[in-house]
Amino acid sequence: ADYKVGLLLPYSGVYASLGNDITAGFNLAVEHFGKDLGDDSLTLVQEDTEVKPPVGLAKARKLVLQDKVDAISGIVSSGVLAALRDFVHQTETPLIVANAGNDQMTGERCSPYIIRVSFSNGQVNRPMGPWLVEKGVKKIYTLAPDYAAGHQMIEAFSKSFTEAGGEIVDGQFTPFRKTKDFGPYLTAAAASGADGIFVFYAGGEAIGFVKQYGEFGINEKMPLYGSGWLTSPLYVAAEGKAADGVITSLNYSPSIENPENERFQKDYMATHDRPASEYAVQGYDAGRLVIEAIKASGGDKDAFKKNLSKVKFSGPRGPLEIDPATNNIVQNIYIYETKVAEDGSTSQEILDVVEAVRDAPNGCQMN
Amino acid sequence: MLEISGLHTGYGEKRVLHGVDLTVGEGEVVTLLGRNGAGKTTTLKAVMSLLPAMEGEIRFDGAPLKKVKTYDLSAIGLSFVPENRGIFPSLSVRENLELTRSTRREVANGWTMERVFEFFPRLRERLDNGGSQLSGGEQQMLAIARGLLLNPKLLILDEPTEGLAPIVVKQIHERLMELKKAGLSILLVEQNFGFATTLADRAFVLGRGEIQWSGPSGDLRGESDIQHRWLGV
Amino acid sequence: MLEVIELSKAFGALRVTNNVSFKLEQGERRVVLGPNGAGKTTLFNLLTGELAPDSGKINIDGVTVNQMLPNERVRLGLGRSFQKNNLFTGLTVGESLRLALAIKRQKTFSLWRDGTRDAGIVERAEEIAGMVGLTTQIDVSCDALSYGARRQLEVGLALASEPKVLLMDEPTSGVGPDMTDAFTAMVGGLPRDLTILIIEHDLDVAFDIADSVTVLNFGKVVFDGTPEAARTSREVREIYLGDWAGDA
Amino acid sequence: MYYPSKLRSAVAALLFVAGIVAAFQAGYFGKEILVEIALYALLALSLDFLAGFGGMVSLGHAAFYGIGGYAYVILSMQAGVPPLAAMGLALVPCFAAGWLLGIVTSKVRGIFYIMATLAFGQMIYVFTFQNRMLGGSDGIAGVPRIDLSAIGIDMNDPSIFACAVVVATGLVYLVFSRILTSSFGRTLVGLHRNENRMRALGLSVRWYKAMASALAGTAAGFAGTIAAQHTMFVSPGMMDWTTSGEVLIMVILGGLETLIGPIVGAAFVVLLKHEISEFTNHWHFFIGVFLIVAILAGGKGLYGSLEAGVARLTRKKPVADDASDAAPAETPEAGNA
Amino acid sequence: MLTDPGYLFVQFLNGLQFSMLLFLLSVGLSVTFGLMNFVNLAHGALYACGAFIGYSIAMATGSFWAAFLLAPLAVCVIGAVLYGVLIRQVRSAGPLTQVLLTFGLIFIFLDAFRVIWGDLALGVSAPTLLATNIHIFGQTYPLYRLFLICLGLAVYLILWLFLERTNIGAMVRASVDNAEMASCLGVNVERLFFAVFCTGCLLAGLAGVVAAPIVSVYPGMDLEILIPTLIVVVIGGLGSLKGAIVGSLLIGMLQTFGQVLIPQLAGSLSYILLGATLILRPEGLFPARAH
Ligand SMILES: Nc1ncnc2c1ncn2[C@@H]1O[C@H](COP(=O)(O)OP(=O)(O)OP(=O)(O)O)[C@@H](O)[C@H]1O
Ligand SMILES: Nc1ncnc2c1ncn2[C@@H]1O[C@H](COP(=O)(O)OP(=O)(O)OP(=O)(O)O)[C@@H](O)[C@H]1O
Ligand SMILES: CC(C)C[C@H](N)C(=O)O
Ligand SMILES: [Mg+2]
Ligand SMILES: [Mg+2]
């Protein structure tokens with residue numbers, strides 16, 4: 001059968017770079033795994049969400065109703081995902097989420113048609129709580145942008161951290177994408193008496209934050225922890241020396257050692273001339289998931305829909321499977337430290353792997 | 001000093017002047033008269049390079065003005081006080097006057113702020129008021145004062161008495177007489193017939209875009225026919 | 001009709017209106033004279049409510065209007081024209097006049113009907129256009145009017161607010177001799193019960209129209225009396241007329 | 001002043017018919033675009049009412065769009081009001097907010113008005129964005145559509161929905177056209193042209209400004225209630241100031257102060273955007289270039305140019321030169337008002 | 001914490017530094033917007049130009065100082081071209097036209113940045129000379145930020161002297177009021193506006209390049225900074241240097257201390273201040289225009 005998959009990603013607007021990375025990853029998966037589909041074939045249709053929920057929804061409708069795609073993949077922003085949820089649920093269109101981490105979409109608002117191969121916001125941050133306590137960090141100051149994802153990330157971390165015996169001394173949410181200057185927050189954090197700072201920042205905000213953290217000399221007295229987008233390989237070079245020693249957790253790090261990752265990184269490097277990011281790997285695995293499901297279905301499109309959530313494989317991120325209770329991915333979370341050498345080159349040293357992290361259903365009822 | 005010969009000009013398609021000839025000699029006061037809309041202001045605009053001369057020529061001190069830009073005219077000695085006074089409302093009175101600081105023509109014992117205030121004492125009291133706060137008459141004084149600060153050789157005035165109280169008209173008349181005695185050349189456009197003809201040495205009457213009459217201004221006072229026909233008096 | 005009691009106004013240290021009092025009976029026509037900057041326009045602005053007085057009282061028809069907004073005073077019957085043309089760019093003469101009438105007659109609320117097209121208003125607008133000599137230009141846009149015609153429309157708008165007391169600020173300034181005559185005739189033709197207060201520098205016009213004269217100087221009333229008395233008053237001569245007036 | 005000329009009516013009728021035809025003939029995505037156009041058209045024509053006719057150029061128009069959408073969502077989903085009634089009731093806060101904004105900004109003019117409305121819009125935006133009761137940055141999903149099945153209309157049918165939206169847009173257009181020819185409309189234009197004189201003629205200016213702002217806000221809010229039903233979703237993104245900016249662009253590209261022009265502009269920009277994004281992700285660039293070209297070409301906009309062109313063709317040649325009896329067209333005098 | 005003078009002092013410095021960055025941005029805007037009456041929404045884009053070009057120069061030469069000197073000039077040249085091609089034609093066309101024209105420019109710049117510099121955020125490091133921090137009252141403070149504070153004050157001083165010594169400010173306002181009259185008085189209006197606009201661009205570029213080491217460089221940075229800048233200018237009053245500095249200080253301090261003291265309101269404080277200012281003083285605190 002001919003399978004048509006819509007790639008629904010931001011190609012303009014603030015998250016365009018993420019959209020491009022995910023697309024690149026997806027295409028690489030098609031190259032790696034999609035050569036021998038036999039009687040089947042796979043066509044991709046790309047649409048730009050502009051990171052605007054209504055636009056994303058309109059494009060999703062186009063993909064489903066006009067282009068008649070069999071599945072949609074992509075979605076960077078939680079807001080767009082939230083806008084799409086009811087539509088894909090009602091039209092029974094499988095949506096393979098390749099980034100957006102909104103907890104509710106594999107929690108109380110889960111759907112059998114929403115399959116997430118990226119992460120949930122809670123999943124990435126939860127493991128850091130007990131880990132830090134174990135390492136003797138008892139008091140933490142938190143910072144994150146003031147929007148849904150920021151709150152979910154910090155909540156997940158705070159919960160597991162306090163449950164393990166740590167204390168959140170204070171924290172703040174900074175106006176999302178309006179905060180350029182973290183000086184006041186950093187000054188407050190430094191004066192809070194915490195042992196360390198835990199933050200969620202991504203993109204330009206991450207660069208600004210880490211650099212200013214260094215400028216204020218806080219790196220010398222207060223370690224920085226956070227979710228791994230803070231020191232993403234996409235940005236870490238721009239952060240300079242300040243990123244040295246920052247410990248973060250994420251579902252992927254380029255320095256994971258396994259053959260799949262080696263091949264993935266090598267081939268990605270060959271075409272794009274830079275290491276693949278965590279976004280690219282999510283696109284890659286989303287692509288692979290689609291292809292594996294096609295291969296398992298023998299041309300039966302109904303079977304394909306069902307098989308999507310049954311696919312299991314070991315990829316650059318290690319072993320992956322979809323949790324039948326939530327349709328969220330079950331994956332390893334890597335805790336790693338960023339090292340900046342004298343010459344400015346950066347590397348990530350994996351300190352710990354928390355295996356097969358699975359979200360609690362959080363009110364998810366599949367039907 | 002100023003020679004206008006065969007001047008044709010207008011606005012876009014519309015011709016207003018069809019060959020105007022006018023001269024102002026050194027130290028002479030000349031008045032240009034005509035009904036509302038006759039083209040008096042238009043003539044002055046052409047002199048100030050605000051309108052291009054479509055035909056004909058304008059010379060100042062012997063040199064043609066065709067290629068001279070408006071903003072260079074003050075440097076060669078032309079100063080224009082327009083009919084709506086051209087006070088800058090967003091500037092204070094002081095700023096309106098000081099504006100000419102860097103553009104005025106430098107001459108020996110030229111006009112200074114002090115001298116201007118002696119001329120129009122009222123302005124000194126209003127120095128820090130906004131240009132738009134002045135009463136109509138005060139604005140007129142300010143406009144003339146500003147024109148004088150440029151230290152012109154030729155002062156061009158467009159209806160300087162409009163909206164002024166008789167006593168101020170009289171004062172301005174006296175002031176202009178003083179300037180005339182001091183040797184300043186003046187080109188004066190007026191509706192106020194008496195004012196203009198008692199001040200000017202020569203008069204030109206504009207009608208239908210052409211000069212209909214010219215001669216010593218004393219003679220014009222006798223020409224009631226010309227007055228009636230071209231000035232509506 | 002209009003009563004002004006000890007009105008004062010200062011801009012900073014400058015006392016622009018200084019204890020001004022006068023009274024206008026219904027149908028009276030009074031001219032305000034005074035050198036430039038004497039505070040004539042300011043007095044108008046105080047009367048219409050565009051400026052608030054520092055002290056003193058303004059009564060219209062026995063009602064104290066000090067606290068009223070300009071638009072409320074218009075409803076009581078105060079209308080004015082401006083020293084500088086203050087017209088509606090882009091609107092025609094007719095549109096402007098009808099709009100003014102509709103405002104005065106409180107026909108501007110409807111979101112559905114076009115009250116400016118009511119028969120009474122259209123007719124009255126045409127009448128007023130006729131009075132100020134703009135009949136032929138009723139459909140001409142204000143921007144296309146000549147200066148003189150604009151001055152006429154300025155007065156027309158004031159008339160269209162159907163005042164009981166009409167204030168006019170230098171209606172003939174910048175207008176040629178022939179049109180000035182027409183203006184004087186027009187005012188002469190206005191209903192006799194209309195009260196008029198007018199600022200004029202053209203003494204022929206002023207004395208032609210006026211029943212009484214007020215002369216301001218430095219914000220103070222320095223003369224109040226008949227036109228004849230004003231002409232011969234030494235003080236008026238000194239501060240306002242100068243010697244020039246005679247031979248102009 | 002606004003006059004519903006033949007050309008205007010003809011273009012309006014043409015657009016309406018085209019809209020109805022498209023609602024039934026176009027593909028799914030075509031219908032999607034049609035609704036998008038109609039929603040922008042509603043925003044644009046109400047902004048033209050305020051900015052073009054009333055002279056109040058607002059960069060906060062999208063806030064009303066959001067208020068309408070959110071009000072509908074809260075009423076229908078959280079307060080249990082039946083959707084149709086919720087749609088009506090949702091207009092109340094829009095009207096009220098518009099009125100309030102109008103009163104508060106009644107003394108603020110020109111660029112300051114632009115900034116004041118921008119601040120207003122941003123405040124509403126930030127409030128919604130940070131309010132977790134309102135779904136915060138993620139917004140609220142699962143919005144119901146009005147139920148007209150009682151009279152045999154299925155709003156969940158894309159064609160019917162698109163058709164209903166086109167009809168609603170047409171009706172709002174007629175209402176505004178009527179308002180503009182009413183006393184109020186005449187007064188609004190007068191206010192735009194010379195507020196100071198209007199006051200001197202006896203008008204209580206701020207009430208009229210408030211009313212204009214309230215009416216425009218209500219129409220934008222109405223569009224918001226439709227948008228919420230269309231996407232079955234509301235999010236703070238609806239209220240971003242760039243949305244207001246885009247609507248302003250449509251108004252200008254279509255033709256300011258023509259009422260019908262903004263609808264043309266909305267259709268044009270939405271279609272252009274979709275056409276361009278077919279082959280490049282850099283459609284902003286082309287919209288930008290287009291906008292600049294349109295402005296340098298005189299800024300009359302598409303419909304405005306059409307109208308001017310028709311006027312030029314039908315006008316007699318002006319009579320010749322000699323105008324020495326006409327008075328000079330003076331420049332605005334210093335210190336006027 | 002709040003009783004610790006060292007802490008408060010550093011927060012004060014933070015506020016001051018943020019104010020100075022806002023000042024650098026808003027003074028450029030105030031110059032074009034206030035003096036020339038030209039609403040330049042593309043000012044943010046010119047700021048981003050400064051940052052991007054600064055990034056490229058710093059990369060190519062390895063020296064921040066080269067970027068510091070050259071990037072503003074480059075932006076100035078861009079401004080000059082824009083002026084010649086576009087701005088001149090709509091200079092006196094009223095705010096609506098200008099808003100839209102420069103809105104179009106924003107769109108064009110936005111995509112141009114993405115095409116030339118890509119979508120990723122880029123980092124610029126502070127010059128080695130300033131990449132340390134100093135200790136005050138037991139707190140550390142980055143030297144680069146002190147440099148920013150000084151730079152802001154220096155620019156203020158230079159502009160103040162310039163406007164004080166010359167009557168350029170008055171000339172520009174006069175030209176806006178009535179260009180014909182100004183030229184009759186000997187003002188070369190065209191050249192003056194050109195110079196003013198270029199100065200505005202130069203300042204925008206300067207703000208961009210000095211902000212780059214702090215905020216990083218990415219497409220979209222222009223839109224993000226535009227609104228705070230506009231707010232400063234409008235609160236301060238158009239066209240006055242005093243307004244720009246007072247507005248910047250107000251917003252900078254309010255923002256900084258607001259974030260610390262009432263974080264819930266941090267996002268809307270400046271809008272609230274703007275709204276309040278416009279209601280109480282519809283023309284801003286220190287408008288340059290007399291009325
Ligand atoms: N900007 C303009 N565009 C088109 N026509 C104009 C313009 N300015 C003046 N005119 C026309 O040019 C003619 C001459 O006008 P001008 O201003 O020179 O008259 P004037 O003699 O100065 O009259 P006044 O005594 O009323 O000042 C008039 O018919 C006028 O309508
Ligand atoms: N808003 C203001 N602020 C400060 N001073 C003002 C203001 N308005 C007017 N003035 C001053 O008040 C005085 C009176 O002005 P006003 O306009 O009333 O004079 P006028 O008698 O109408 O004069 P004219 O005959 O010249 O029109 C003038 O000196 C003027 O400068
Ligand atoms: C990690 C982030 C890029 C996630 C994204 N901001 C979201 O909205 O979910
Ligand atoms: Mg003239
Ligand atoms: Mg006056």
Val126(D) portion near chain A, given a 4.5 angstrom heavy-atom threshold: side chain

Heavy-atom side-chain contact between Ile22(A) and Tyr284(A) under 4.5 Å: no

Part of His230(D) lying under 4.5 Å from any heavy atom of chain A: both

Phe233(D) versus chain A, the contacting section by heavy-atom distance below 4.5 Å: side chain

NZ/NE/NH1/NH2 to OD/OE distance under 4.0 Å, Glu155(A) and Arg132(D): yes

Sidechain N-carboxylate O distance under 4.0 Å for Asp48(A), Lys59(A): no

Proximal component of Asp146(A), with respect to chain D [non-hydrogen, under 4.5 Å]: both

Top of Lys31(D), Lys273(D), His284(D) for chain A proximity - count of heavy-atom pairs under 4.5 angstrom: Lys273(D)

Ionic contact status for Asp138(D) with Arg109(A), cut-off 4.0 Å: no

Arg145(D) NZ/CZ over Phe161(D) ring centroid, <6.0 Å and within 45° of normal: yes

Glu47(A) portion near chain D, given a 4.5 angstrom heavy-atom threshold: neither

